[in-house]
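Notes to accompany the following structure.
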Amino acid sequence: MFASGWSITLLLLRLFGSVTSFPVSIYTPAPFLPLQILPPSSFPSNLPSDPSSLIPSSISSSEERAHCPLKISPSTVVVRFEDPVTVNCSVPPTGLLALGWEVPNSMETPLFTMGRFLVWSVDRMTEWNIKPKCYALVEQGGQCHIELLVIVYKPPDNVSISFRNHSGPLLEGHQYTLQCEVHNVAPVENLTVTFYRGKTALGQLQSNNTEKTPMTEIFTVDIIPSKEDNGVQYWCEAKLELGPEGPEHPPVVTSQKLKAAVLFGPHLICPTKLQVKEGESLSCEVRGNPQPSVTWLRDGQVVVLPSHSSRKHAGKYTVWTKGHLGQKNFTVEVEILSGSGTANSCNRYFLLAILFIQINWL
């Protein structure tokens, strides 16, 4: 660090030769020109062969960083791989001695100017972990620099969903692992994966991997399917969350839809105490996948359920079912309700007809 303006003057004498070789006017701030770049021909002929030697190796304290007058616009760059980048570095007009850009661990030639503005640009971003640095020599504060945060991203080539270590139908009540595989994406730490069951989100996952280059990552979630899941579609969505500096519409890639076939045992779809109006059919549904066979028994005898019930059909029935996952027996107690059979239905229609006639007479 330089203790005073005199120290800076001595440094410039060593760098650029005698005072008579460089009029004081070269330190006068140039008029404001947005994104100004001074061409190499405007540089003094006896600049050091390696301008990056002027770059401070580090900023020793937060106080020095707070007093660094440099300004980078934009302050953060989010760029898609192989897209162009342009960033301007500027410094206030007072006390500027030198301004430059350098990209550590890069083959790029450092940019250097005596002006107040200097642009770093790349026609085609092909580096995944790049850390450009703008540096300056100023009278108030000596040497300082600011690093530019660059996020280089690439949307996934493909997103796929499958069941881990399983193929074919699922069994009700068993646990399975859904996996979402996101292929060739960067940076994976900015990736959010959401699993869906139909339109219902099952959960969101993120990676702890900080690798900057493209990679393939697998995300998993456990499910326990029920009979209601038979025929539903599972899928996943991969989204790059790149922050406010990123694209207005974050890159999103979705997987194919994975239709689930769930095998489940016989289920009785009616109450164990069934009330049926006299004259109506006596029926009770049994479901399963695949559809089970159903046999109705009464007093140990196989019976056919009546389509027009009467009081004699009241009593206890046994439903014997056999399906892919085994067999089950159910007991159903049937109660026949009087006053609602075919005769009463005819009476209702007769009363409605009389009412209709009376209304027309009024």
Side-chain angles (χ1 to χ4, degrees), residues 1-17 19 22-40 42-44 46-79 85-122 125 127 129-152 243 245:
M1 299 298 298
F2 295 102
S4 67
W6 288 108
S7 299
I8 295 172
T9 303
L10 292 176
L11 173 63
L12 292 176
L13 288 174
R14 290 197 299 269
L15 291 176
F16 307 137
V19 176
F22 300 99
V24 175
S25 60
I26 67 169
Y27 306 119
T28 302
F32 178 79
L33 293 175
L35 304 181
Q36 176 185 2
I37 307 177
L38 294 182
S42 65
F43 298 165
N46 58 348
L47 281 176
S49 59
D50 181 13
S52 63
S53 62
L54 300 178
I55 306 173
S57 58
S58 64
I59 299 176
S60 59
S61 68
S62 58
E63 181 179 359
E64 290 182 54
R65 184 179 289 112
H67 288 86
C68 188
L70 292 171
K71 181 178 293 185
I72 297 178
S73 179
S75 58
T76 300
V77 170
V78 178
V79 56
V85 174
T86 299
V87 183
N88 183 44
C89 184
S90 61
V91 68
T94 304
L96 171 67
L97 301 179
L99 182 67
W101 277 100
E102 189 201 37
V103 182
N105 303 320
S106 172
M107 298 299 294
E108 291 187 27
T109 302
L111 301 175
F112 188 72
T113 183
M114 306 301 292
R116 291 171 43 215
F117 308 92
L118 188 60
V119 170
W120 172 72
S121 64
V122 175
M125 177 58 69
E127 297 289 335
N129 193 12
I130 191 170
K131 296 180 179 179
K133 182 186 297 183
C134 182
Y135 60 91
L137 296 177
V138 289
E139 291 181 355
Q140 300 299 322
Q143 304 179 56
C144 69
H145 75 269
I146 297 179
E147 289 187 358
L148 172 66
L149 176 60
V150 179
I151 300 175
V152 183
E245 297 85 5

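Heads up: numbering here begins at 1 and tracks the sequence.
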Please step through side-chain contact (heavy atoms from CB on, under 4.5 Å) for the pair I130 and M125, ending with a clear verdict. CA-CA 9 Å; I130 191 170; M125 177 58 69; 4.2 Å; yes
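Taking the side chain as every heavy atom from C-beta outward, Y135 and E102 approach each other to under 4.5 Å. Counting only heavy atoms from C-beta outward, the side chains of C144 and L70 approach each other to under 4.5 Å. Side-chain contact between C134 and L99 is present, with heavy atoms from C-beta onward closer than 4.5 Å. For the pair K71 and S90, the minimum side-chain heavy-atom distance is below 4.5 Å. Looking at V85 and W120, their side chains come closer than 4.5 Å, going by heavy atoms from C-beta outward. Side-chain contact between W101 and P132 is present, with heavy atoms from C-beta onward closer than 4.5 Å. The side-chain heavy atoms of P74 and I72, taken from C-beta on, include no pair separated by under 4.5 Å. Between I151 and V79 there is no side-chain heavy-atom pair separated by less than 4.5 Å.
Between H145 atom NE2 and L137 atom CG the span is 13.0 Å, to the nearest 0.5 Å. Here the CG-OG distance, from N88 to S121, works out to 11.0 Å after rounding to the nearest 0.5 Å.
Listed here is the closest heavy atom pair of P92 and R116: C-NE, 4.2 Å.
Of the candidates L118, V150, T76, V77, V77 is the only one forming a side chain to side chain contact (heavy atoms under 4.5 Å, CB included) with V87.
Under the rule for a side-chain contact (heavy atoms from CB on, under 4.5 Å), S75 has no partner lying at least two apart in sequence or in another chain.
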